[in-house]
Amino acid sequence: MSDLTDFYQYLPPDVKTFFDRQYQDSYALLDASRNPRTGLYADAYMTFGENPDYRCSIAATGVGLIGLCVADMEGWDAEAAEKALVTLKCVMGEIVGCQPARDAATGFYAHFVDMETGENLNSEISTIDTSLLVAGALFAGKHFKETAPQIEEMAVKLLQQIEWSVVVADKENGVINMIVNDGAGTAPLPAFNEYALVAHLALLGNPENEDIQTLWYSNFTEQKLTELPKAKYRDIPVLTDNDQNAFLSSFVHQFPYYLVQEYAKSEVYKDFYTNACHVDRLKWKELDDVPSFVWGYGAGPNDGLHGGYHADKVNNAPGDIASAYIVAGFLPVYPAGIHDLYALYQLHFPYDVYTNPDDPEDEKKFRASYHFGLHRYSWWHLERKDRWYPTKITLIDWSSMLYGLTAFKRGMSFFTERLTDNSPVSQTK
């Protein structure tokens with residue numbers, strides 16, 4: 001097949017029905033996590049609690065904005081543009097009673113804020129979470145450019161309000177500050193990781209800054225990707241950070257693929273992305289008695305199982321929790337993954353039709369935990385008939401489900417046409 005969208009067109013009827021339901025539910029979960037007054041999005045959808053939760057994630061709010069673009073395109077939400085405008089007004093401090101916490105000197109946002117007031121909920125001022133918000137705002141600006149041009153105006157204003165220079169820790173080696181304290185960047189993190197998005201937006205927001213230019217052009221352009229650190233699994237090279245014996249969680253590869261235009265278009269990045277997909281799948285095959293449709297090293301909460309939030313990766317995945325949204329995120333390079341998701345649905349998680357007359361409590365918990373479809377699960381618990389009922393779904397991690405299913409049906413052009421190029425400055429490095 002010559003185009004990714006051909007795969008969707010020729011899906012068997014049962015698989016297509018499953019896809020369409022899971023695709024729309026990938027947006028429905030986001031919408032259920034949105035505060036209608038402020039337009040902010042919760043950090044997580046609570047499977048056994050009230051929604052939206054009181055704790056907003058600034059990163060999740062960026063995901064929500066992209067979700068509104070998908071919903072508008074698919075005709076799922078006639079108020080998508082209006083909702084996006086409310087969200088942008090709120091993050092810009094224009095909703096009465098809600099002022100999302102920001103660093104006064106640089107404009108970066110707190111990671112977690114109160115959904116109603118914007119008060120910082122004891123969280124760090126985060127460069128990556130702010131970047132995910134800004135990326136979503138710019139994406140929405142492009143999407144709604146004709147029907148609601150004020151969204152793009154506000155998104156550009158948001159981008160330009162931020163003092164991006166503080167993200168630069170070591171411009172020559174691609175090291176980026178993760179946290180801002182009182183106007184100064186701290187907690188440096190070496191490349192490669194999802195902070196490539198931060199460098200991308202820094203150049204877009206402050207293209208004349210020479211340190212930012214060096215940070216991007218010396219480390220993150222397509223031409224420099226092959227020079228970044230790499231780990232090998234069965235001689236398959238994948239991008240990693242400065243620890244070349246360690247692998248990254250698969251979401252780290254996915255976020256830049258969907259949110260950095262140069263990477264979304266790059267054959268070089270696509271090759272590394274394909275490698276990351278293969279390594280994820282191959283590692284799962286090494287585990288005993290695991291079906292081929294079980295894979296996906298993602299991040300997310302493990303509440304009720306072994307506790308806490310964890311970014312699972314090759315050789316570091318407590319309990320071997322699989323994340324179905326990672327499979328979705330890799331669909332552009334592994335379209336057959338849709339059949340893995342369907343097998344998981346059909347054999348173990350028929351979330352929309354599941355009944356258990358012999359155990360009504362199990363049915364109730366199962367339908368609540370997987371109300372919006374496939375996400376994290378424990379294969380070992382399934383095998384032992386000792387079901388795990390996840391208590392929440394973090395929106396930033398769920399984003400891979402939305403992005404991957406959208407690309408599978410609409411092609412990567414949905415993203416490349418709405419992402420912003422950051423290369424107005426000519427460089428010879």
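As the structure is a prediction and not an experimental result, all values here were calculated from the model.
Each of W388, F293, Y377, F18 was checked for a ring pair (Phe, Tyr, Trp, His ring centres under 6.0 Å) with F349, and the lone residue meeting it is Y377. Of the options Y263, Y334, Y257, a ring pair (Phe, Tyr, Trp, His ring centres under 6.0 Å) to Y273 is made by Y257 and by none of the others.
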Test D320 against W379 for side chain to side chain donor-acceptor pair (under 3.5 Å), laying out the working first. CA-CA 8 Å; D320 291 317; W379 172 252; over 6 Å; no
Y370 and H375: CA distance, side-chain angles, deciding distance, ring-ring contact (aromatic ring centres under 6.0 Å, His included) verdict: CA-CA 8 Å; Y370 294 94; H375 54 99; 4.5 Å; yes
Assess whether ring-ring contact (aromatic ring centres under 6.0 Å, His included) is satisfied between Y403 and F330, documenting all intermediate values. CA-CA 9 Å; Y403 301 160; F330 279 127; over 10 Å; no
Evaluate the ring-ring contact (aromatic ring centres under 6.0 Å, His included) criterion for residues W76 and Y23: first the C-alpha distance (whole Å), next the side-chain angles of each, then the deciding distance (0.1 Å), finally the verdict. CA-CA 11 Å; W76 297 334; Y23 182 32; 4.8 Å; yes
Let's go through R102 and Q161 carefully: what are the C-alpha distance in whole Å and the side-chain angles of both, what is the deciding distance for side chain to side chain donor-acceptor pair (under 3.5 Å) to 0.1 Å, and is it a yes or a no? CA-CA 11 Å; R102 307 176 71 172; Q161 280 184 350; 2.9 Å; yes
Applying side chain to side chain donor-acceptor pair (under 3.5 Å) to D397 and T394, what does each step give before you reach the verdict? CA-CA 6 Å; D397 301 304; T394 41; 2.5 Å; yes
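Counting non-hydrogen atoms of neighbouring residues, nucleotides and ligands closer than 6.0 angstrom, the CD atom of E124 exceeds 12 such neighbours. Shown here is K89, whose NZ atom has no more than 12 heavy atoms of other residues, nucleotides or ligands within 6.0 Å. Under a cut-off of 6.0 angstrom, the local environment of OH in Y54 is sparse, with at most 12 non-hydrogen atoms contributed by other residues, nucleotides or ligands.
Taking the charged nitrogens against the carboxylate oxygens, R376 and D312 do have a contact shorter than 4.0 Å, which makes a salt bridge. Under the 4.0 Å criterion applied to side-chain N and carboxylate O atoms, E152 and K142 are not assigned as salt-bridge partners. For E286 and R234, the salt-bridge test passes: some basic side-chain N is under 4.0 Å from an acidic carboxylate O. A salt bridge does not link D114 with R55: every distance from a Lys NZ or Arg NE/NH1/NH2 to an Asp or Glu carboxylate oxygen is 4.0 Å or more. Under a 4.0 Å N-O distance rule, the pair E74/R410 qualifies as a salt bridge. The pair D280-K313 does not meet the salt-bridge criterion, since no charged nitrogen lies less than 4.0 angstrom from a carboxylate oxygen.
In this structure the side chain of I396 never reaches within 4.5 angstrom of the side chain of S57, judged on heavy atoms. Counting heavy atoms from C-beta on, the side chains of P390 and P301 never come closer than 4.5 Å. Contact of the R34 side chain with the P52 side chain is not registered, since no non-hydrogen atoms from C-beta on lie closer than 4.5 Å. Using a 4.5 Å heavy-atom cutoff, the side chains of F220 and L215 are in contact.
T17 and D14 share no side-chain donor-acceptor pair at under 3.5 Å. Judged purely by distance below 3.5 Å, without hydrogens or angles, the side chains of W295 and D340 pair a donor atom with an acceptor atom. Side-chain contact, Y217 with Q213: no donor N or O sits under 3.5 Å from an acceptor N or O. Remark: the Y8 side chain and the D20 side chain contain an N/O donor-acceptor pair separated by less than 3.5 Å.
Without hydrogens or angle criteria, W398 side chain to S26 main chain gives a donor-acceptor distance under 3.5 Å. Not a single donor-acceptor pair under 3.5 Å links the side chain of E119 to the backbone N or O of V113. Looking only at distances, a side-chain donor or acceptor of N219 sits under 3.5 Å from a matching main-chain atom of G174. No donor-acceptor distance shorter than 3.5 angstrom exists from the side chain of T47 to the backbone of S369, with no hydrogens or angles considered.
In this structure, CD in E82 is found 12.5 Å from CG in D72, a value given to the nearest 0.5 Å. Within the model, atoms CE of M178 and CD1 of I125 stand 14.5 Å from one another, a figure rounded to the nearest 0.5 Å. Note that CG of L305 is 12.5 Å distant from NE2 of H310, once rounded to the nearest 0.5 Å. Between atom OH of residue Y258 and atom CZ of residue F139 there is a gap of 11.5 Å, rounded to the nearest 0.5 Å. Here D25 contributes atom CG and L29 contributes atom CG; the two are 8.5 Å apart, rounded to the nearest 0.5 Å. Residue Y345 holds its OH atom at 7.5 Å from CZ of R21, rounded to the nearest 0.5 Å.
For L204 against D421, the heavy-atom pair with the smallest separation is CD1-O, 3.3 Å. Closest approach of A42 and A60 over heavy atoms only: O-CB, 3.4 Å. What you find for S126 and H111 is that their closest heavy atoms are CB-CB, 4.2 Å. Taking all atoms of both residues into account, the shortest heavy-atom contact from F255 to S400 is CE1-OG, 3.9 Å.
Aromatic ring centres of Y297 and W284 lie closer together than 6.0 Å. Separation of the F372 and Y351 ring centroids does not fall under the 6.0 Å cut-off.
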